[in-house]
Amino acid sequence: MSNSNEIAELQDILRLQKGLQDITNSIYAAKNIKQIITDTRPRIMELFKVEAAHIYAVENHDRKEIFTVAPTGDQLKERKIQISNQTIPGYVAGSGKMINIADMHDTKEIKKLYLDLDLDPRVDTRFGVKIEQVMAIPIINNDEILGVIEILNKAGRDGKFIDEDPVLLQEIADVLGIAISNQLRMADPKIKKSKFAYLLSRDLITEEELSKAREDSRTLKEPLEIVLMRKYNIAKDDIGHSLEEFYQCKYVAFNQKIAIPGDLLKNIKKEYLLRELWVPIQKSADGIHIVVDDPQNIIKKDTIESLLKSKAVKYDVALKEDIIRYIDFFYGADNQESTFTDILGKVDGANDTVDELNEESVRESDSVIMQLVNKIINDAFLRNASDIHIEPDVIDKSVLVRYRVDGDCQLYQTLPYNYRAALVSRIKIMANLDITIKRTPQDGKIKLKKPGYGEIELRVVTVPTQGNVEDVVMRILAKGETLPLEAMKMSPRNYDELLHICKKPYGLILCVGPTGSGKTTTLHALLKHINTPDRKVWTAEDPVEITQRGLRQVQVHPKIGFDFATAMRAFLRADPDVIMVGEMRDLETAKIAVEASLTGHLVLSTLHTNSAPETISRLLDMGIDPLNFADSLLGVLAQRLVRTLCDKCKESYNPSQEEFNQIAENCGVDLLKKENIFYSKSLNLYRPKGCDACENTGYKGRIGIHELLVNTETIKKRSIERRESIEVIRSMAMSEGMYTLYQDGVLKAFEGMTDIKQVHRVCVIK
């Protein structure tokens with residue numbers, strides 16, 4: 001019975017919290033005081049379970065009367081009440097006192113509680129509702145009474161208000177005070193005309209300070225917005241909100257992740273845009289998106305539409321400094337190499353027509369197309385992108401160029417639609433693919449030399465897509481430095497155990513995870529730790545991405561029959577101590593790896609499985625002998641990459657009890673207790689914010705989260721040899737000290753390396 005009561009109380013608390021949030025949202029969404037009254041009144045009635053509710057507000061600051069909007073039949077009519085002691089709303093508005101009357105018929109009690117209240121006997125009915133009980137609270141902001149909120153006739157509970165009602169009503173009155181004050185200030189004719197009314201209405205700046213800022217702007221010959229931000233510490237976002245409110249459009253801040261609209265810029269000079277202070281940022285099926293310093297300038301808008309040959313133009317406002325940053329970014333502030341717009345301007349066929357015939361005017365042999373492809377690849381390399389996506393868009397008639405950086409795809413460039421065939425053909429030629437085949441996928445490789453760096457290799461795949469076009473995806477396989485094992489950000493337990501098993505003279509170590517999860521980087525970090533002059537190390541890779549002194553590295557070529565299995569057989573005849581094989585793709589390679597580990601060699605390899613326990617089950621299902629595998633396996637390291645929070649702007653916050661409980665339920669309460677993590681008001685998690693250092697993403701770089709299963713005697717005898725299920729293997733490994741990927745990610749989130757959202761993106765909760 002007590003559980004039922006607790007559940008009912010909890011549900012009531014949740015209902016009140018949701019109701020209060022709905023009312024707050026309704027108040028702030030309203031455009032004027034009358035809308036606040038009409039939209040909020042029914043929500044208050046529902047929240048308090050009352051027969052009627054009214055909000056009264058002062059019409060101006062002379063404080064002689066208050067008004068409300070009340071239903072009369074099928075219509076809403078404005079009603080005014082004098083501020084006096086003859087009505088309850090008038091009395092509360094005049095005195096600033098709260099009234100709570102349980103029985104309107106008990107005149108003696110009313111007189112006892114409210115001596116100066118002189119009610120007119122005719123006011124026992126309010127807008128058609130006979131008053132039995134009433135509670136009324138003044139609406140106050142900055143010590144000024146701006147109105148009254150009252151509720152009438154409580155339903156249920158013997159018709160009495162409960163202890164929580166005054167507290168809840170006061171919270172609503174506080175929100176109303178701020179909202180009504182803002183609306184009154186906005187109604188002031190002096191404020192209404194100002195471009196910075198938002199700042200004035202929220203007391204972020206005074207009229208005197210704004211006037212002084214205008215003088216400073218003229219004296220210093222700087223934009224007023226810059227003066228307000230630098231000298232008066234007005235936040236840039238507040239300036240943006242003020243411009244939004246004045247121009248009635250969206251405020252757009254500079255964002256370096258936005259795609260360069262090459263198809264819109266190709267016929268427009270940079271100097272012209274800098275002089276006129278506008279720039280196109282996107283083209284879609286709805287039209288062209290422009291940011292401009294003054295969206296109300298009709299002459300400028302006519303010029304823009306004439307130049308772009310389109311009336312379908314959407315205008316948004318931006319600060320002068322951000323428009324200039326966009327222009328410099330789009331055109332390239334660095335003049336050492338040609339920009340996209342310079343290259344696009346050289347194409348004779350680059351005009352506004354995007355019909356099918358026009359693609360013949362641009363060919364893959366044109367020097368401009370060659371420059372474009374080279375620049376796309378070079379820019380991707382400079383941005384540390386792992387993949388390049390070339391995507392002809394048959395809907396918006398453009399070619400999208402997207403880069404994958406730190407695991408996330410971001411749109412970088414849009415090119416004219418008539419370039420689609422020439423771009424794809426040029427990339428096919430570079431990858432030695434057949435340009436006449438357009439209806440089936442192809443794959444190949446491109447090798448380029450970058451001055452000062454060396455060779456860059458790209459895996460290329462072409463895929464025919466809807467609309468008789470082809471997509472191209474290029475993965476950059478740039479040769480990288482070998483990271484030390486200490487830089488892997490492993491937990492102390494995983495680091496110590498991994499060091500222990502990699503020092504064994506023979507056995508099998510597997511690193512598993514999806515493509516692009518850093519498996520090769522981790523294996524090379526292990527090799528760097530054990531790569532000493534007294535050990536012969538062979539590696540078979542496809543391709544060789546990371547090089548180290550002392551390793552004998554071989555790149556396999558499956559097309560000529562030189563695959564991983566062939567390389568392994570050759571290594572076993574070449575006096576190895578340590579063998580690393582890039583991937584165990586088939587049963588033959590897996591069998592050779594197990595045999596090699598049983599004959600005195602330390603073997604490292606990768607596998608595409610989701611978790612460490614699943615790897616054991618997968619190899620046994622492939623046909624590996626359980627007894628041999630149990631003896632050879634040293635450990636399995638599963639890993640994922642998560643985005644790292646930017647150290648310069650990440651912000652801490654105290655999670656709610658509900659959020660903490662959900663995390664504890666997912667990763668295990670015992671784990672958090674073991675790590676001394678308990679809920680309190682001082683407990684912090686972290687979240688992204690965004691700054692210039694991280695291009696306003698809130699993230700910079702990636703780290704690994706790990707799951708290390710060490711093959712102990714218990715797991716060997718009771719799990720592998722018996723071919724137990726994945727769940728049994730996982731449970732046994734966790735009892736031996738293994739943390740799952742999710743658990744390791746949660747602990748890194750509490751340390752501030754990443755956030756819970758990123759952990760959820762890459763982990764399945766077990």
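- Considering only residues two or more places apart in sequence or on other chains, Ile446 meets the side-chain contact (heavy atoms from CB on, under 4.5 Å) condition with Ile427, Met430, Ala431, Leu448, Leu458, Val460, Met474.
- A 4.5 Å side-chain heavy-atom check between Leu277 and Leu319 finds every atom pair outside the cut-off.
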Open item on the list: Arg459 vs Asp387, test: salt bridge (Lys or Arg N to Asp or Glu O under 4.0 Å). Steps then yes/no.
Closed with: CA-CA 9 Å; Arg459 287 181 189 168; Asp387 300 86; over 6 Å; no
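- Atom-to-atom distance recorded for Ile239:CD1 and Leu199:CG is 5.0 Å, nearest 0.5 angstrom.
- Tyr198 and Glu244 are not linked by any side-chain donor-acceptor pair at a separation below 3.5 angstrom, with hydrogens and angles left out of the test.
- With a 4.5 Å cut-off on side-chain heavy atoms, Ile376 and Ile388 count as touching.
- Listed by chain and number, the residues in a ring pair (Phe, Tyr, Trp, His ring centres under 6.0 Å) with His608 amount to none (sequence neighbours excluded).
- Donor-acceptor pairing under 3.5 Å is lacking for the side chains of Glu707 and Gln639.
- Tyr326 meets the ring pair (Phe, Tyr, Trp, His ring centres under 6.0 Å) test with Phe254, Phe330; sequence neighbours excluded.
- The aromatic ring centres of His760 and Tyr742 sit less than 6.0 Å apart.
- The ring pair (Phe, Tyr, Trp, His ring centres under 6.0 Å) check on His557 picks up nothing, with sequence neighbours excluded.
- For the pair Glu470 and Lys438, the salt-bridge criterion is not met [side-chain N within less than 4.0 Å of a carboxylate O].
- Between Asp322 and Tyr251 there is a side-chain heavy-atom pair separated by less than 4.5 Å.
- Listed by first then second residue, pairs satisfying salt bridge (Lys or Arg N to Asp or Glu O under 4.0 Å) with a partner in residues 312-321 read Lys236-Glu321, Lys314-Asp316, not counting sequence neighbours.
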- [ ] Show your working on side chain to side chain donor-acceptor pair (under 3.5 Å) between Glu541 and Gln555 and close with a plain yes or no.
- [x] CA-CA 5 Å; Glu541 303 171 67; Gln555 180 159 328; over 6 Å; no
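- The two residues Cys649 and Gly690 come nearest to each other via the heavy atoms SG-N, 3.2 Å.
- Donor-acceptor pairing under 3.5 Å is recorded for the side chains of Asp471 and Thr465.
- A salt bridge does not link Asp443 with Arg475: every distance from a Lys NZ or Arg NE/NH1/NH2 to an Asp or Glu carboxylate oxygen is 4.0 Å or more.
- Salt-bridge check for Lys428 with Asp434: failed, with every basic side-chain N at 4.0 Å or more from each acidic carboxylate O.
- The number of heavy-atom neighbours closer than 6.0 Å to CG of Asp586, taken from other residues, nucleotides and ligands shown, is above 12.
- Residues Asn610 and Leu741 come closest through the heavy atom pair O-CD1, 3.8 Å.
- By the 4.0 Å N-to-carboxylate-O rule, Arg585 lies close enough to Glu583 to be salt-bridged with it.
- Atom CD1 of Ile299 is surrounded by 12 or fewer heavy atoms from other residues, nucleotides or ligands within 6.0 Å.
- Around atom NZ of Lys528, more than 12 heavy atoms belonging to other residues, nucleotides or ligands sit under 6.0 Å away.
- Residue-environment remark: NZ (Lys250) stays at or below the threshold of 12 foreign heavy atoms within 6.0 Å.
- The heavy-atom pair separating Ala749 from Ile756 by the smallest distance is CB-CD1, 3.7 Å.
- Looking at Leu526 and Met580, their side chains never come closer than 4.5 Å, going by heavy atoms from C-beta outward.
- Between Asp744 and Lys748 there is a salt bridge, since at least one side-chain N of the basic residue sits less than 4.0 Å from a carboxylate O of the acidic one.
- Closest of all the heavy-atom pairs between Ala385 and Ile476 is O-CD1, 3.5 Å.
- With a 6.0 Å radius and a threshold of 12 heavy atoms from other residues, nucleotides or ligands, Lys700 has its NZ atom at or below the threshold.
- Both the sub-6.0 Å distance and the 45° axial angle are satisfied by Arg420 relative to the ring of Tyr417.
- Sorted by first and then second residue, the pairs that involve residues 294-303 and meet salt bridge (Lys or Arg N to Asp or Glu O under 4.0 Å), not counting sequence neighbours, are Asp293-Lys300.
- Taking the charged nitrogens against the carboxylate oxygens, Asp755 and Lys650 have no contact shorter than 4.0 Å, which rules out a salt bridge.
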- [ ] Begin from the C-alpha positions of Val291 and Val317 and carry the test side-chain contact (heavy atoms from CB on, under 4.5 Å) through to its verdict.
- [x] CA-CA 5 Å; Val291 291; Val317 68; over 6 Å; no
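- Note on Lys283 versus Asp393: no salt bridge recorded, every NZ/NE/NH1/NH2 to OD/OE distance being 4.0 Å or above.
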- [ ] Walk me through it: do Glu225 and Arg230 pass the test salt bridge (Lys or Arg N to Asp or Glu O under 4.0 Å)?
- [x] CA-CA 9 Å; Glu225 293 85 355; Arg230 190 182 67 245; over 6 Å; no
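- No side-chain N or O of Asp396 forms a donor-acceptor pair with one of Ser398 less than 3.5 Å apart.
- Using a 3.5 Å distance cut-off with no hydrogens or angles, the side chains of Asp379 and Tyr403 do not pair a donor with an acceptor.
- No option in Gln413, Glu391, Gln410 other than Glu391 meets the side chain to side chain donor-acceptor pair (under 3.5 Å) test with Arg402.
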